There are 2 protein chains.
Amino acid sequence: MILEELLRLESHPTASGLYDVVRRRLPRISLGTVYRNLELLAQAGAIRKLDMSGAEARFDGNVHPHDHVRCVECGQMADVAVAPIDLSDRGPHDFHGYQILGRRLEFLGICPSCRQQTGHNHPLEGERTC
Amino acid sequence: MILEELLRLESHPTASGLYDVVRRRLPRISLGTVYRNLELLAQAGAIRKLDMSGAEARFDGNVHPHDHVRCVECGQMADVAVAPIDLSDRGPHDFHGYQILGRRLEFLGICPSCRQQTGHNHPLEGERTC
DNA sequence: GTATGTGCAAATGGTTTGCAGTGGG
DNA sequence: CCCACTGCAAACCATTTGCACATAC
């Protein structure tokens, strides 16, 4: 039922956000159970766990290859089609001998609704813009 | 002195790793102070805070634009030259109206020393390989 | 003396875990 | 009856914070 609700949502809920939703159908479920099952589902490859950038982890029912944008203001996330990375000129020694298994790419920005509310500038604190 | 030690190291230490190093020169320094100053230095743009992928945050004295590889086994990190991302065919609506400020790219792999020790396979749990 | 920065210890918050209970097979 | 799974609460761990004190100006 946790999986069902995650698939229904196209937001990328946090564990406790999903907990709130699932609790509407299973009022006696505990947050620990939600965490346990999300972990199992992620390991089984049924869902993806998005634990980037030190924030609260978010979960994604879409297991097709894709990247993400995250709002630096509110933490909301959205899907982005896979952005091709040019590694044509790289040898293994550009990676210091690491055997590369994968990559994680996350765009950072401001979502439409946060953009309206605050005229803030978010210079990304010492981070190159893109 | 925290900054000095971080610049001297080319590993990408965690806060407590750096704490251990700095404590050799300042035996009475506290971990809280290390955190406080790393935060200030990162905000001032003197260092970079690398808090990707839900692990313990790491700090980098190299503020030039570059990406990273992280060992999924031991957490060690290394620098990688900026990998160009092809966004030529993207309009703002591919990003769901997000105003893009930056990106974070992290390669995941196994570092040379972990590679020797364990013949393990690390299929990156339901993650596309790269 | 006033402001800034520190050590220390306690609080925080997301996540994990130990354990006893429960329900399905 | 057994076992996998659960609720619950406590533990965990990186990080942050409150506070009293120290040091520099």
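Below, read A as the first sequence line, B as the second, and so on, with proteins coming before strands; counting in each chain starts at 1. The model shown is predicted, which means the values in this text are computed figures rather than measured ones.
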Inset, instruction - Would you mind reading off the distance between B:Gln43 atom CD and D:dT16 atom P, rounded to a whole angstrom? - result: 10 Å
Inset, instruction - Measure the distance from CZ on B:Arg36 to P on D:dT15 and round it to the nearest whole Å. - result: 15 Å
Inset, instruction - Return the value, rounded to whole Å, for the distance between atom CG of B:Leu41 and atom P of C:dG5. - result: 12 Å
Inset, instruction - Using atom CG of B:Leu26 as one end and atom P of C:dG7 as the other, report the distance to the nearest whole Å. - result: 8 Å
Legend entry - Options D:dG7, D:dT15, C:dT6, nucleotide nearest the side-chain atoms of B:Asn37: C:dT6
Inset, instruction - Starting at atom CG of A:Leu18, determine the distance to atom C1' of C:dG14, rounded to an integer number of angstrom. - result: 15 Å
Inset, instruction - Nearest whole angstrom, please: distance from the P of D:dC5 to the CD of A:Glu39. - result: 15 Å
Legend entry - B:Thr33 vs C:dG7: side-chain N/O to OP1/OP2 distance below 4.0 Å: yes
Legend entry - Salt-bridge criterion met for A:Glu39 and A:Lys49 (N-O under 4.0 Å): yes
Inset, instruction - Indicate the atoms forming the closest heavy-atom contact of B:Val82 with A:Arg90, along with that distance. - result: O-NH2, 2.8 Å
Inset, instruction - Please check if any side-chain donor atom of A:His68 sits under 3.5 Å from a side-chain acceptor atom of A:Asp60, or the reverse. - result: yes
Legend entry - Between C:dG13 (C1') and A:Leu31 (CG): distance, integer Å: 11 Å
Inset, instruction - Classify the angle between the aromatic ring planes of A:His66 and A:His12 as parallel (below 30°), tilted (30 to 60°) or perpendicular (above 60°). - result: tilted
Legend entry - Residue B:Tyr35, side-chain heavy atoms: nucleotide from D:dT6, C:dG14, D:dA14 that is nearest: D:dA14
Inset, instruction - For the side chain of B:Ala15, starting at C-beta, report the closest nucleotide among C:dT15, D:dT15, C:dG7. - result: D:dT15
Inset, instruction - Whole angstrom is fine here: how far is it from CG in B:Leu38 over to C1' in C:dG5? - result: 15 Å
Legend entry - Per A:Arg28 side chain, nearest of listed nucleotides D:dC8, C:dG7, C:dG14: D:dC8
